[in-house]
Amino acid sequence: MVRYNPRDTEPKWRAAWADAGTFTASNADDGRPKYYILEMFPYPSGRIHMGHVRNYTMGDVVARFKRAQGHSVLHPMGWDAFGMPAENAAMERGVHPKGWTFENIAAMREQLKLLGVSIDWSREFATCEPAYYGQQQRWFLALLKRGLVYRKEAQVNWDPVDHTVLANEQVIDGRGWRSGAVVEKRKLTQWFLRITDYADALIDGLSTLDRWPDKVRLMQENWIGRSTGLRFRFGFEGAPPVGLEDGLEVYTTRPDTLYGASFVAIAPEHPLAEQLAAASPEVAAFVAACRQGGTSEAEIESAEKLGYDTGIRVVHPFDPSWTLPVWIANFVLMDYGTGAIFACPAHDQRDLDFARKYALPVKPVVLPPNAHPATFMIGSEAYTGPGTIFNSDFMDGMGIEAAKAAAVARMEAQQQGQGATVYRLRDWGISRQRYWGTPIPVIHCQACGLVPVPDDQLPVELPEDVTFDRPGNPLLRHPTWRFVSCPSCGGAAERETDTLDTFVDSSWYFARFANPDAPGPIDKAAADRWLPVDQYIGGIEHAVLHLLYARFVTRALKDEGMLSVAEPFAGLFTQGMVTHETYLRRQSERPEYVEPAEVELAAEKGVRVAKLKATGEALDIGDVEKMSKSKKNVVAPEDIFDAYGVDAARLFVMSDSPPERDVQWSTGGVEGAGRFVGRVWNEFDVEPPPAADQDAERSDALRRATHKLIKAVTESIEGFKFNSGIAKLYEFLNILKGFPATDGAVSAARGEALSAFCRLIAPYTPHLAEACWERMGGEGWVVNAPWPVFDPALAADSELVLPVQVNGKRRGEVRAAAGTPEAEVRALALADSGVSVHLAGLTVRKVIVVPDRIINIVAN
RNA sequence: GGGGACGUGGCGGAAUGGUAGACGCAGCGGACUUAAAAUCCGCAGCCGCAAGGUGUGUGGGUUCGAGUCCCACCGUCCCUACCA
C-alpha cells in the first residue's frame with residue numbers, strides 16, 4: 001500500500017485544473033442555470049490567515065458543489081487594495097504604497113492558489129488599479145449629476161498629529177488610534193453620498209432578503225433607525241430670537257405626552273445655543289464644558305446630565321397660557337431630529353433624571369392599566385409602558401396610539417407642525433484626506449465653481465511621485481498634480497485632493513466581476529447574466545457598513561440604469577472567527593504569552609498539560625481567543641499546508657464547528673483530519689476485488705448506506721451545515737470497513753459506494769478526491785463529474801428497529817418491516833421481554849404507535 | 001438603557017416533538033514493534049460490581065412522549081447606545 005502524499009498530489013491537480021481552465025466562467029448562456037458565489041474580497045495585508053482559509057474554503061465548497069450539480073458557476077477573486085495600512089507602511093518603512101500593495105497581492109495570490117479554491121482568476125482585479133477606480137470615478141460623476149453627491153461643512157474627527165480626518169471607528173477613547181493624540185472636532189467641507197434618500201427603500205428591501213440572517217437584517221434596520229413622530233414649532237413668549245421668528249422646532253415620537261411637558265431642551269450645538277454663547281461668556285463656558293465629555297461607553301454610562309436655563313420661555317402649543325423654560329442640555333444631540341426636544345419627565349428616563357436634578361415639574365399623563373389616577377406617582381423611574389392618557393384635555397381616555405394621532409391632527413390643523421419620519425441614518429461622508437484612495441474626479445475653478453472632470457479625461461490617476469516624510473495628505477503638497485486648467489473656462493483651477501472612502505470601492509466590485517474589462521463601469525448584459533450574487537459569504541463585522549453601502553450603491557446604479565437588480569446579494573452567510581487556545585508562562589507579572597509552535601501538549605493523569613518545548617517549563621493553558629499577534633496564538637496556514645496538506649486543513653476548518661460559530665483551531669483536530677485523508681486514500685488504494693457472485697442482501701445494505709449518505713451530504717451543503725455533513729462522511733468510512741475490498745461478493749455495490757463517496761468529499765478535499773477518482777478509474781476528473789443522485793428507493797430500510805417505551809422511558813425494541821400494520825407492531829411491542837418486565841403489575845391504558853418510528857405504552 | 005444569540009460528556013459538537021451524546025479531539029485498554037513513533041482493533045455521559053438509577057443551566061407548564069414548544073428565573077457572549 002502506498003501512503004498518501006499530499007505534497008506530490010496536491011500541486012499536480014492544481015496545475016491540471018489551471019491548465020484546463022476548469023474554473024473559467026463563461027458570460028455566454030449555455031443553458032445551465034447560473035450561480036454566482038462570492039466571498040468578501042480580502043484586504044492585501046501581506047499574508048493570508050486562518051480566517052481567510054475558512055472563508056474561502058467555505059465558498060469553494062459551495063462553488064464546487066453547485067458546479068457538480070450542473071450550474072454555470074461564477075466564483076471570482078479580487079483585492080480591496082486601497083486604504084491606510086499601505087500609507088502607514090510608506091511612512092514607517094519608506095516603501096511606496098503601490099509597490100507594497102502589489103507585492104502583498106502577489107504573495108497572497110500564491111497562498112490562495114495553494115488552497116486549491118475554484119476561482120476564475122481571469123477576472124481578478126485590484127481596486128487600486130486605474131482601470132477599476134477610473135470606472136468608479138465615472139459612476140461617481142453620474143451620481144453627482146443625479147444629485148446624490150453633495151458637499152457640506154461637517155464636523156469631523158481631526159487628528160492633530162497625523163493631520164488627517166479619522167473615521168469614527170478610528171477614534172478610541174477620544175484619541176487617534178495611530179498617533180494617540182486627543183482628537184479634535186473640526187469643521188471641514190466634506191463630500192457626501194445621499195444615502196438617506198434611500199432610507200425607506202433600504203429598510204423595505206430588507207423584507208425581500210429572505211436568505212439573509214435575521215440578525216443582520218435587524219442590525220441594518222436598527223442602524224437606519226426609522227421612527228415616526230411629530231415635528232412642530234414652539235412659539236416664543238415675547239420677541240423671538242434672531243433667526244427663529246418661525247418658532248423653535250422640535251421632534252418627538254411621543255406627541256401623546258405633550259400635556260406632560262415640563263421643559264424644552266436644545267443641544268449645545270443648536271444655533272440658538274451658539275447665538276446665546278456668543279453673547280454670554282457664561283453660556284459659552286457651559287457649551288464648552290459639554291463638548292469635553294467623551295463618547296466612550298463608560299463615559300456615556302456615567303455622564304451626568306448637565307443643563308443651563310436660558311431664561312427664554314416658549315408657549316405650549318395646546319395651551320397659550322402655559323409657558324415652558326428652554327434649557328441647554330448636554331444629552332440632546334444636534335444631529336438627530338431638530339436638535340431640540342420637549343421633555344416629558346414622567347414618561348422618559350433621561351428627561352426624568354434631568355428634571356429631578358434641576359427640580360422641574362413631573363406630571364404623569366399615561367395611566368398604567370389597573371393604576372388609579374389619584375394615587376399613581378412617578379418616583380425615580382419613568383413609566384414607558386402601555387396605558388390610558390389622562391391629565392391631557394382632549395386626549396383624556398385615549399390609548400397611546402390614538403392620542404398620538406389626535407395630537408398630530410390637532411397640530412396639523414393649527415398649522416404648527418406635521419407628522420414626520422426621522423432616521424438615525426446619516427448621509428455617508430466619503431471624503432478622506434489621504435493619498436491611497438480613489439481621487440474624487442472634480443476640479444475647483446474660481447470662475448466656474450465645481451467642474452466634473454470630463455469623461456475623456458478619466459481616469460484621474462494618482463501621481464506616483466509622492467512623499468510620506470511629513471504628516472498630512474501627500475496629494476495636497478504635490479508640486480504639480482493638483483494644478484490644472486478648468487475644463488470649462490480654461491482658466492487656472494485646482495483638482496480636488498480628497499480621495500474616496502475605501503468602502504466606496506467595495507460597494508460595487510461584485511458587479512464589476514461580471515465583466516472586469518468592460519469599457520464602462522458595468523457591462524449591463526453581463527451583470528444581468530450573473531447578478532444578484534446568489535451566495536455571499538463574509539464576516540459579521542460587515543453586517544452594517546459594507547453591506548448597507550453595497551445595497552445603497554446597487555440601488556443608485558439601478559436608478560442610473562447601469563444595473564437591473566435592486567439588491568446585490570440574494571443570499572448572505574456570516575461565518576465565525578478562527579480561534580486558538582492561548583498559552584501563558586506562570587509567575588509572570590503581566591500575561592506573557594507563548595506561541596503554539598513552542599508548546600508541547602501532553603496528558604498527565606488524564607488531564608491536558610502544556611509545557612515549553614525547549615525547557616519543559618510548565619505553562620498555563622489560557623482562554624480560547626481569536627487568533628492575534630498580541631495573544632501569540634496565530635497559526636500560519638502555510639505551516640499547516642506543509643505539515644498536513646491543504647486538504648486536511650480545509651477539511652478540519654470546515655468540520656469542527658458549525659460555520660456561523662467560531663472554530664477552535666487545534667493541532668489534534670487537524671491531525672485527525674489528516675488521518676481521515678490517509679484512510680480515505682487507503683480505501684481506494686487497493687487491488688480490484690476478485691470476481692464473485694454478488695451477495696444481494698449485503699449489497700443492498702451498502703447501497704442503503706450510500707444513498708443515505710448522498711442525501712445527508714447534499715442537504716448539509718445546501719443548509720450550510722458542513723460540520724454535520726463531514727461527520728456523515730467520517731461515519732461512512734467506518735461503515736465501509738464492513739464491506740472490504742477483498743470481499744468480491746459486494747464488489748459492485750462497493751464500486752458504486754466509492755464513486756459516490758469520492759464525489760461527495762470532492763468539495764472539501766478536492767485534491768484527494770481527484771487522486772482517488774484516478775485510482776478507481778473514474779471517467780475524466782472528479783471535478784467534472786456530476787453530483788451523485790439520491791435514490792429514495794435504494795435508501796429505504798427494509799427492516800426497522802423500533803424503540804418501545806413504557807410511560808416515556810425506553811424499555812426495549814422490536815424489529816419490523818417498514819409499513820408493518822399498527823396492530824402487528826403493537827402486538828410485537830407488548831410481547832417484548834424487556835417491555836413485559838416493566839409492565840408487570842400495571843394495566844395498559846393506551847398504546848401509541850408512530851408508524852416506522854416508535855411505540856409508547858401508557859400504563860399505570 | 002435597548003436589541004440579539006446561546007447554555008448538551010473532560011473539549012468541539014450531533015439530534016424533522018420520537019432510542020440524547022452521532023462524528024471528531026483528548027483519554028483508557030489491546031495488537032504490531034527490541035523499543036518508540038506511525039498504524040490498526042476495542043472501551044468510554046455520570047453513579048453503581050451488577051441489576052438498575054440518573055442525566056441536555058434552574059423552576060414550572062403543554063404532550064402518550066420535551067435538548068427541541070410555552071412561561072419565569074439564572075448565567076455567558078455579541079451588537080448598539082443620552083436617537084427624544
Side-chain angles (χ1 to χ4, degrees), chain A residues 1 3 213-216 218-219 221-223 225 227 229-230 250-254 257 265 267 293 295 297 299-301 303-305 329-333 335-344 347-351 353-354 384 422-426 540-541 543-544 579 581 601-603 605-608 624 651-652 655-658 660-673 675-676 678-679 682 721 723-734 737 801-813 845-850 852-859:
Chain A
M1 209 148 54
R3 223 179 127 96
D214 291 342
K215 182 184 180 175
V216 175
L218 193 69
M219 283 167 78
E221 197 177 324
N222 291 340
W223 187 265
S227 74
L230 170 69
V250 302
Y251 171 74
T252 181
T253 56
R254 294 298 300 274
T257 64
T295 51
E297 188 179 327
E299 282 168 309
I300 287 172
E301 198 74 51
E304 201 171 340
K305 301 271 182 294
N330 65 340
F331 70 93
V332 180
L333 304 177
D335 52 5
Y336 183 78
T338 62
I341 61 162
F342 94 83
C344 174
H347 305 293
D348 183 286
Q349 190 61 46
R350 293 156 303 172
D351 297 351
D353 293 345
F354 192 85
T384 56
V422 165
Y423 303 89
R424 210 186 76 109
L425 182 71
R426 315 261 193 278
I540 187 72
E541 66 273 19
V544 176
T579 62
E581 265 179 347
L601 292 167
K605 294 168 193 159
V607 180
R608 291 179 68 236
V624 174
L651 188 65
F652 173 65
S655 71
D656 204 48
S657 291
E660 68 278 10
R661 251 185 258 179
D662 291 350
V663 65
Q664 186 185 332
W665 186 268
S666 72
T667 306
V670 72
E671 281 171 358
R675 266 197 294 276
F676 177 77
R679 284 168 54 210
N682 292 345
K721 294 178 159 202
N723 56 321
S724 293
I726 292 170
K728 297 285 183 196
L729 289 164
Y730 275 61
E731 200 179 0
F732 187 79
L733 198 66
N734 293 336
K737 280 184 204 140
V801 176
L802 305 176
V804 183
Q805 298 179 330
V806 177
N807 293 330
K809 287 188 193 295
R810 185 181 182 280
R811 298 301 183 188
E813 60 185 38
R845 300 290 172 192
K846 202 171 169 186
V847 179
I848 291 150
V849 177
V850 184
D852 297 348
R853 257 257 132 82
I854 199 167
I855 300 108
N856 191 12
I857 300 166
V858 186

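Throughout, a chain's letter reflects where its sequence line sits, starting with A, and its residues are numbered from 1.
Atom NE2 in A:H347 sits about 20 Å away from atom P in B:rG1, given to the nearest Å. Protein atom CG of A:N723 is 15 Å distant from nucleotide atom C1' of B:rC11, rounded to whole Å. A straight line from CG of A:L729 to P of B:rA14 spans 16 Å, rounded to a whole angstrom. Between A:N222 atom CG and B:rA81 atom P the separation is 11 Å, expressed in whole Å. Computed from coordinates, the A:Y730 OH to B:rG24 C1' distance equals 7 Å when rounded to whole Å. One interatomic measurement links the two molecules: CZ of A:R424 to C1' of B:rG2, which rounds to 11 Å at whole-angstrom precision. Atom CG of A:D852 and atom P of B:rU19 are 14 Å apart (whole Å). Distance A:L651 CG to B:rC25 P: 11 Å, rounded to the nearest Å.
Comparing atom distances between the A:K215 side chain and each of B:rC78, B:rU19, B:rC83 picks out B:rC78 as nearest. Listed nucleotides B:rC82, B:rU39, B:rG4 differ in distance to A:R675; the shortest reach to its side chain belongs to B:rU39. For A:R350, the side-chain atoms get nearest to B:rC83 when compared with the rest of B:rA22, B:rA26, B:rC83. Listed nucleotides B:rG18, B:rC64, B:rA38 differ in distance to A:K846; the shortest reach to its side chain belongs to B:rC64. Listed nucleotides B:rA14, B:rU19, B:rU54 differ in distance to A:K809; the shortest reach to its side chain belongs to B:rU54. Among the nucleotides B:rA81, B:rA84, B:rA22, the one closest to the side chain of A:E731 is B:rA22. With B:rC64, B:rC82, B:rA81 as the candidates, the nucleotide lying closest to the side chain of A:N330 is B:rC82. The A:F331 side chain lies nearest to B:rC82 when the options are B:rC82, B:rC40, B:rC23.
B:rG13 and B:rA72 are spaced 28 Å apart, taking the P atom of each and rounding to whole Å. B:rU68 and B:rC6 are spaced 14 Å apart, taking the C1' atom of each and rounding to whole Å. Taking atom C1' in both B:rA5 and B:rC82, the straight-line distance is 26 Å, to the nearest Å.
Contact detail for A:A329 and A:F354: the closest heavy-atom pair is CB-CE1, 3.9 Å.
Of the inter-residue distances, the one linking A:I341 atom CD1 with A:D348 atom CG reads 7.0 Å to the nearest 0.5 angstrom. To the nearest 0.5 Å, atoms CG (A:D656) and CG (A:D662) are separated by 11.5 Å. Residue A:I854 holds its CD1 atom at 3.5 Å from CD of A:Q805, rounded to the nearest 0.5 Å.
For B:rA22, neither phosphate oxygen OP1 nor OP2 lies less than 4.0 angstrom from any side-chain nitrogen or oxygen of A:N734. A sub-4.0 Å separation between OP1 or OP2 of B:rG13 and a side-chain N or O of A:R661 is present. A close approach under 4.0 Å does not occur between any side-chain nitrogen or oxygen of A:N856 and OP1 or OP2 of B:rG18.
Comparing A:Q664 and A:L333 along RNA chain B, the residue whose closest nucleotide (by nearest heavy atom) sits nearer the 5' end is A:Q664. Comparing A:V801 and A:G225 against RNA chain B, the residue whose closest nucleotide sits nearer the 5' end is A:V801.
A:K305 contributes a side-chain N or O that forms a donor-acceptor pair with the base of B:rC82 under 3.5 Å.
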Derivation of the side chain to side chain contact (heavy atoms under 4.5 Å, CB included) call for A:L218 and A:K215: CA-CA 5 Å; A:L218 193 69; A:K215 182 184 180 175; 5.8 Å; no
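At the heavy-atom level, A:Y251 lies under 4.0 Å from base atoms of the strands shown. Counting any heavy atom pair closer than 4.0 Å across all strands shown, A:G337 reaches no nucleic acid atom. Nucleic acid contact for A:R426: base, since at least one base atom lies under 4.0 Å from a heavy atom of the residue.
Here the options are A:V847, A:V850, A:V806, the test is side-chain contact (heavy atoms from CB on, under 4.5 Å), and the partner is A:I855; only A:V847 passes.
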